[in-house]
Amino acid sequence: MIRAEKISKVKEHVRAWKKEGKTIGLVPTMGYLHEGHASLIKRAREENDIVIVSDFVNPIQFGPSEDLATYPRDFEADCKLCESIGCDLIFHPEPEEMYEDNFCSYVGVNTLSENLCGKSRPIHFNGVCTVVTKLFMITEATKAYFGQKDAQQLAIVCRMVRDLNYNIEIVGCPIIREDDGLAKSSRNTYLNADEREAALILHKALTKGEELVRAGEKDAKKVKDEITKIIETEPMARIDYVEIVDWNQLQPIDRIDCDILCAIAVYIGKVRLIDNFIIK
Ligand code: PAF
């Protein structure tokens, strides 16, 4: 597996692969890889000649009071995992390589970034769209793989690709969970044992919400109230949001009569966790 820190090195390899007519699958990550990432890399491995994983904690998607400095990192472990799945190249740039002095070009997606995580993380999605655009340009990937756990991110990237005619296919992949239901996330490592137990409330509440919708409940408020009530039974939990939006525009709805995303963000202690379900 090739390790590349420089954009020029990635481009050199990409040029050679493209000359041979190879397809390239890209899995953009911020490292500290877990089984959720592994599932994306495996899918990319199955569907492409070449697999590139980017491993970059992107500073411009973190707000000033967020966890950029403490975000977990273990590049050697990431390399091992990627190698074991058969990844061809891991791209691990320094921030200065991605953002040169006087960097001032950003990509943003409006409406879809307004609600859910966009409310409490106002610069986040512009940072994501900008870095993802750069990764698409650098790797010239045929397909890129994103997890449904970050459902708003997935919807925004798909819309950006559609609206701006990017020459790439976005593949959305299912949420990977621990055996007890907690959605896998690099941020789960912040949780102590009590918080880890308390965090199960997210999946419990969403499971009930999903059951209600699948049983025919059309009143979004009733579903949100039930989810909220369950989360509030956990003393360590503090709700950031519980929201039901239409999957197309990510705008809140009153009646459930379209494809929906039900998404929650909940603080367990100081750790902010997200989870969701989509019903089409
Ligand atoms: O989902 C993530 O890990 C990040 O937001 C991404 C897509 C790698 C961009 O930095």
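- Between Leu250 and Leu112 the shortest heavy-atom distance is CD1-O, 3.5 Å.
- Heavy-atom neighbours of Asp257 CG from other residues, nucleotides or ligands within 6.0 Å: above the threshold of 12.
- Heavy atoms from other residues, nucleotides or ligands lying under 6.0 Å from NZ of Lys11 number 12 at most.
- The number of heavy-atom neighbours closer than 6.0 Å to NZ of Lys222, taken from other residues, nucleotides and ligands shown, is 12 or below.
- Other residues, nucleotides and ligands contribute only 12 or fewer heavy atoms inside 6.0 Å of the NZ atom of Lys204.
- For the side-chain hydrogen bond (donor to acceptor under 3.5 Å, both in side chains) test with Arg214, the passing option among Glu211, Glu210, Glu217 is Glu210; the others fail.
- A salt bridge between Asp180 and Arg196 is present, with a side-chain N of the basic residue lying under 4.0 Å from a carboxylate O of the acidic one.
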>> Assess the residue pair Tyr166 and Val132 against the criterion (side-chain contact (heavy atoms from CB on, under 4.5 Å)); give the C-alpha distance rounded to whole Å, side-chain angles, the decisive distance to 0.1 Å, and a yes or no.
In response: CA-CA 11 Å; Tyr166 287 25; Val132 161; 6.0 Å; no

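- Around NZ of Lys184, the count of heavy atoms belonging to other residues, nucleotides or ligands within 6.0 Å exceeds 12.
- Counting non-hydrogen atoms of neighbouring residues, nucleotides and ligands closer than 6.0 angstrom, the CD atom of Glu114 exceeds 12 such neighbours.
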> Where do Leu202 and Ile268 land on the side-chain contact (heavy atoms from CB on, under 4.5 Å) test, with the steps shown first?
Replying inline: CA-CA 10 Å; Leu202 278 84; Ile268 302 290; 4.2 Å; yes

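- If you run side chain to side chain contact (heavy atoms under 4.5 Å, CB included) between Tyr267 and each of Ile239, Asp240, Leu273, only Asp240 comes through.
- Contact between Ala205 and Ile227 at its shortest, heavy atoms only, is O-CG1, 3.6 Å.
- Screening His37, Glu169, Glu47 for a side-chain hydrogen bond (donor to acceptor under 3.5 Å, both in side chains) with Tyr145, the sole residue that qualifies is Glu47.
- Counting heavy atoms of neighbouring residues, nucleotides and ligands inside a 6.0 Å radius, atom CG of Asp163 exceeds 12 of them.
- The closest side-chain heavy-atom distance from Ile201 to Ile230 is below 4.5 Å.
- The shortest heavy-atom contact between Ala183 and Asn188 is O-ND2, 3.0 Å.
- Atom CD1 of Ile138 and atom NZ of Lys9 lie 14.5 Å apart (nearest 0.5 Å).
- Going from atom NZ of Lys134 over to atom CZ of Phe56 covers 8.5 Å, rounded to the nearest 0.5 Å.
- Salt bridge absent: Glu83 and Lys80 never bring a charged side-chain N and a carboxylate O closer than 4.0 Å.
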> Passes side-chain contact (heavy atoms from CB on, under 4.5 Å), Thr139 versus Phe91? Steps please.
Replying inline: CA-CA 10 Å; Thr139 62; Phe91 177 43; 5.6 Å; no

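- The two residues Ile253 and Ala220 make their nearest non-hydrogen contact at O-CB, 3.3 Å.
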> Given His13 and Ile50, is the side-chain contact (heavy atoms from CB on, under 4.5 Å) satisfied, shown in steps?
Replying inline: CA-CA 10 Å; His13 288 287; Ile50 298 292; over 6 Å; no

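- The shortest distance between side-chain heavy atoms of Ser120 and Arg272 falls below 4.5 Å.
- In terms of modelled atom types and a separation under 3.5 Å, the side chain of Asp74 and the main chain of Ala77 share a donor-acceptor contact.
- Checked by atom type and distance alone, the side chain of Lys149 never pairs as donor or acceptor with a backbone atom of Gly36 at under 3.5 Å.
- Side-chain atoms of Ile156 and Val128, non-hydrogen and from C-beta on, never get closer than 4.5 Å to each other.
- Under the 4.0 Å criterion applied to side-chain N and carboxylate O atoms, Asp78 and Arg3 are not assigned as salt-bridge partners.
- For the atom pair Met1 CE and Cys82 SG, the distance stands at 5.5 Å (nearest 0.5 Å).
- Nearest heavy-atom pair across Asn48 and Ala44 is ND2-O, 2.8 Å.
- A salt bridge links Glu66 to Arg121: one of the charged nitrogens lies within less than 4.0 Å of a carboxylate oxygen.
- Looking only at distances, no side-chain donor or acceptor of Asn248 sits under 3.5 Å from a matching main-chain atom of Asp259.
- Between Asp88 and Arg45 a salt bridge is recorded (basic side-chain N to carboxylate O distance below 4.0 Å).
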>> The test is salt bridge (charged side-chain N to carboxylate O under 4.0 Å, His left out); show your working for Asp275 and Arg177 and say whether it passes.
In response: CA-CA 10 Å; Asp275 202 346; Arg177 298 183 179 279; 2.9 Å; yes

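- Asp55 approaches Pro93 most closely through the heavy-atom pair O-CD, 4.1 Å.
- Between Tyr99 and Asn58, the side chains place a donor N or O and an acceptor N or O closer than 3.5 Å (distance only, hydrogens not considered).
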